[in-house]
Amino acid sequence: MTTTVPSPNAVDGCFLSYERDEPRFRPYVGAVLEVAGSCPGPDPVREQIADRVDRMPSLACKVGRRGRRTVWELDPGFDPRRHVHEILVEDGRPSLGRAVDALLGEPISAGAPRWGVWVIHGYSPDTYALFYRAHHAAQDGQAVLDALTALFGVGPAVPPRQAVAEAPGVRGTGGNRDPLAWVRNIPARAIAQNAADTVRGLRSTLTWAPHRPLTGRTRLLSAAVPVSWPRDVAKALGATPNDVCLAALAEAVRDWVPEEWGAGPGPGRELHVGLPVSLRRPEERFAVGNRVSAVRIPLSYWAKSPADRVVAVARATRRVRTEGMRRVLRAQLECLPEWLVYRFVRQSCAASSAVDTSGLLRLPRRLAVGADPVEGVVPTLFLHGDHFFAVSFLSYQGQVRVSFTLDRALDDVGDLAALWADAVERLWREVTVAPGAPDAPGDPGGPGNPGAPFVSADPVTPASPASHASHRDPHASRPGENS
């Protein structure tokens, strides 16, 4: 089964062009895997990846040229072992955070397939980490999870599905292009909704003025809650766990932003996220490149109660989770010219556009490195333009984990990840625990224990003590957490 396509689609091309135009831009997505066991060194990891790389054929694809065209092509010199690197660190768990933060800003060579695995060890005798990173032109969030499952998943390989023959007139990897066919095949209501979204997208989202320049250097913070918490809240309020995660994000940001920053251009302006929508067909599971779009979603930042916010977010996301909307977005991916998509992407550089988020992704299978189990997975995103932070959500082995990639200019403002975990816990108690009832017993990663596998080394202190007084020190030791 071939995984190459004649040329990158518009989204792939945009990330390649963006990186060329802004050499400091690092459009990499990935995940940090915390592994239980004594690190065997990089060689066993290299052998496991080499043995399994055929399960994810697109990992052998790189960007090339065919005449004047940019294309995806199989790398004739592909050796997956060369994509595994070793980082030896000391001084305990804080050094893991420093190593991860440093890697967030490191480029990946363009002369080979744009992905790599960094084995980070030496900070603990009984645990080590793998940091999987990939260029966003080659992999979207779902492709990253598929790559992790292919390389480290416990159990047999997932067989690829055969491609479905394309209908005449549909643009893709074959067939003749009829520029009007996609319009005729999309419900008029969905087209109207998409046009309305575009008009609404011209309005600025809620922004703040931190009165300090951004550094361009990034930092990763994470926390986790039991998967039952957002699931229970979602069930009670007619929402999805993703809706609960987004509502808790708005609550956390309200607690995090110091009062002196102010909210511009004034109270009432809404905070939005760019909610990803996967457009990947089953037969495209192992195809190189992006099959994803995004729709701007309001988070009801000014809602009177957290529960009201969940209901409002669910109402906003419900219209996105329709086949009609997916067909509209898929048609845009296949038919809009790259120059127009690139204009949209560059417009999203402004913090006034929307907060970047992964949505709630799920790793359904357990991961392992040899016989060593992967106990935690932290997703990573990137920053672009003047965004303060980007946020990812991931469900794995009974926990939902949040990770924030923040500009280091905001190191002293507070721990957004801990505030998010607090917000989810408060929501869960408000919605599911009857008034006057005793607290439900905590489970692993539960109350007071976000279960973050690492935090960055530098201390984080709230910039506005009054606004954060109700929150515990985000870096204090917690029951069951390595400090």
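All heavy atoms count here, side chains included; hydrogens, waters and symmetry mates do not.
Between R217 and D407, no side-chain nitrogen of the basic residue sits less than 4.0 Å from a carboxylate oxygen of the acidic one, so the salt-bridge criterion is not met. A salt bridge between D101 and R98 is absent, with no side-chain N of the basic residue lying under 4.0 Å from a carboxylate O of the acidic one. Taking a cutoff of 4.0 Å between a charged side-chain nitrogen and a carboxylate oxygen, E22 and R346 qualify as a salt bridge. Under 4.0 Å is where a charged nitrogen must lie from a carboxylate oxygen, and between R280 and D140 at least one such pair does. At a threshold of 4.0 Å, the pair R426-D255 counts as salt-bridged, since one of the basic side-chain nitrogens sits closer than that to a carboxylate oxygen. For the pair R429 and E425, the salt-bridge criterion is met [side-chain N within less than 4.0 Å of a carboxylate O]. Salt-bridge check for E430 with R309: failed, with every basic side-chain N at 4.0 Å or more from each acidic carboxylate O.
Residues W339 and F344 place their aromatic rings such that the two centres sit no closer than 6.0 Å. With ring centers used as reference points, H136 lies 6.0 Å or more from Y28.
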Which side-chain N or O atoms in residues 103-119 pair as donor and acceptor under 3.5 Å with protein atoms at least two apart or in another chain?
unit_1: S109; atom_1: OG; unit_2: G111; atom_2: N; d: 3.2
unit_1: R114; atom_1: NE; unit_2: I108; atom_2: O; d: 3.1
unit_1: R114; atom_1: NE; unit_2: S109; atom_2: O; d: 3.3
unit_1: R114; atom_1: NH2; unit_2: E19; atom_2: OE1; d: 3.2
unit_1: R114; atom_1: NH2; unit_2: E19; atom_2: OE2; d: 3.2
unit_1: R114; atom_1: NH2; unit_2: I108; atom_2: O; d: 3.3
unit_1: W115; atom_1: NE1; unit_2: L59; atom_2: O; d: 2.8

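A side-chain donor-acceptor contact under 3.5 Å links T317 and R321. With no hydrogens or angles considered, a side-chain donor-acceptor pair links D12 and W72 at under 3.5 Å. A donor atom on one side chain and an acceptor atom on the other are not found under 3.5 Å apart for D146 and T149.
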Note to self: With side chain to side chain contact (heavy atoms under 4.5 Å, CB included) as the criterion, how do I87 and H121 come out once you've worked through the C-alpha distance, each side chain's angles and the decisive distance to 0.1 Å?
What the structure shows: CA-CA 7 Å; I87 297 180; H121 66 106; over 6 Å; no
Checklist line | Audit row: L246, L275, side chain to side chain contact (heavy atoms under 4.5 Å, CB included) steps and yes/no | finding: CA-CA 10 Å; L246 292 175; L275 183 67; 4.1 Å; yes
Next item on the list: Take V35 and T127 through the side chain to side chain contact (heavy atoms under 4.5 Å, CB included) test and state the conclusion after the steps.
Entry: CA-CA 6 Å; V35 191; T127 186; 5.6 Å; no
Next item on the list: Give the C-alpha distance, both sets of side-chain angles, the deciding distance and a yes or no for side chain to side chain donor-acceptor pair (under 3.5 Å) between E260 and H211.
Entry: CA-CA 9 Å; E260 59 267 25; H211 307 298; over 6 Å; no
Next item on the list: Assess whether side chain to side chain contact (heavy atoms under 4.5 Å, CB included) is satisfied between V295 and R319, documenting all intermediate values.
Entry: CA-CA 10 Å; V295 177; R319 64 180 177 77; 4.1 Å; yes
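Side-chain contact between V292 and Q142 is absent, with no heavy-atom pair separated by less than 4.5 Å. You'll find the side chain of T357 stays beyond 4.5 Å of the side chain of S392, heavy atoms only. Taking 4.5 Å as the limit, every side-chain heavy atom of L130 sits out of range of all side-chain heavy atoms of V32. The closest side-chain heavy-atom distance from L96 to Y128 is not below 4.5 Å. Looking at Y132 and Q139, their side chains come closer than 4.5 Å, going by heavy atoms from C-beta outward. Looking at V431 and L237, their side chains come closer than 4.5 Å, going by heavy atoms from C-beta outward. Inter-residue side-chain proximity for L363 and V377 is flagged as met; some heavy-atom pair is nearer than 4.5 Å. Within the 4.5 Å cutoff, the side chain of E375 has no heavy atoms near those of the Q397 side chain.
Without hydrogens or angle criteria, R212 side chain to A409 main chain gives a donor-acceptor distance under 3.5 Å. The backbone N or O of R269 lies less than 3.5 Å from a partner atom in the side chain of W302, making a donor-acceptor pair. Of the possible polar contacts, one joining the N9 side chain to the N290 backbone as a donor-acceptor pair under 3.5 Å is found. Within the 3.5 Å criterion, the main-chain N or O of P23 finds a donor-acceptor partner in the side chain of R26. Side chain of N242 to backbone of L360: a donor-acceptor contact under 3.5 angstrom is found. For the pair S403 (side chain) and P379 (backbone), a donor-acceptor distance under 3.5 Å is present. At distances below 3.5 Å, at least one donor-acceptor pair connects side-chain atoms of T205 with backbone N or O atoms of E270. With hydrogens and angles ignored, the 3.5 Å screen pairs a side-chain donor or acceptor of S95 with a backbone N or O of G92. In terms of modelled atom types and a separation under 3.5 Å, the side chain of H387 and the main chain of G385 share no donor-acceptor contact. Using a distance-only test at 3.5 Å, with no hydrogens or angles considered, no donor-acceptor pair links the side chain of S300 to the main chain of A303.
In this structure, E34 CD and F131 CZ are separated by 14.0 Å, a value rounded to the nearest 0.5 Å. One finds the OG atom of S278 at 9.0 Å from the CD atom of E284 (value rounded to the nearest 0.5 Å). Taking CD of E338 as the reference point, atom SG of C14 lies at 5.0 Å (rounded to 0.5 Å). Taking OG1 from T405 and CG from L416, the interatomic distance works out to 11.5 Å, rounded to the nearest 0.5 Å. Between atom CG of residue D411 and atom OG1 of residue T215 there is a gap of 8.0 Å, rounded to the nearest 0.5 Å. L220 contributes atom CG, which lies 10.5 Å from atom CZ of F404 (distance to the nearest 0.5 angstrom).
Aromatic ring orientation, F25 versus F15: parallel (interplanar angle below 30°, classes split at 30° and 60°). Taking the six-membered ring where tryptophan is involved, the planes of W420 and F393 are tilted, since the angle between them lies from 30° to 60°. Taking the six-membered ring where the residue is Trp, F388 and W261 present perpendicular rings, their angle passing 60° and hence far from 30°.
Scanning all heavy atoms of the two residues, the minimum distance from A418 to A223 falls at N-CB, 4.3 Å. Nearest approach of V227 to S395, heavy atoms of both residues: CG2-OG, 3.9 Å. The nearest pair of heavy atoms linking P8 to G13 is CB-N, 4.1 Å.
The side-chain contact (heavy atoms from CB on, under 4.5 Å) with V273 is formed by just one residue from the set V313, L249, V391; it is L249.
By the neighbour-count criterion of 12 heavy atoms within 6.0 Å, atom CD of E323 is densely surrounded, having more than that number from other residues, nucleotides or ligands.
R362 forms no cation-pi arrangement with Y396, by the criterion of a distance under 6.0 Å to the ring centre and an angle within 45° of the ring axis.
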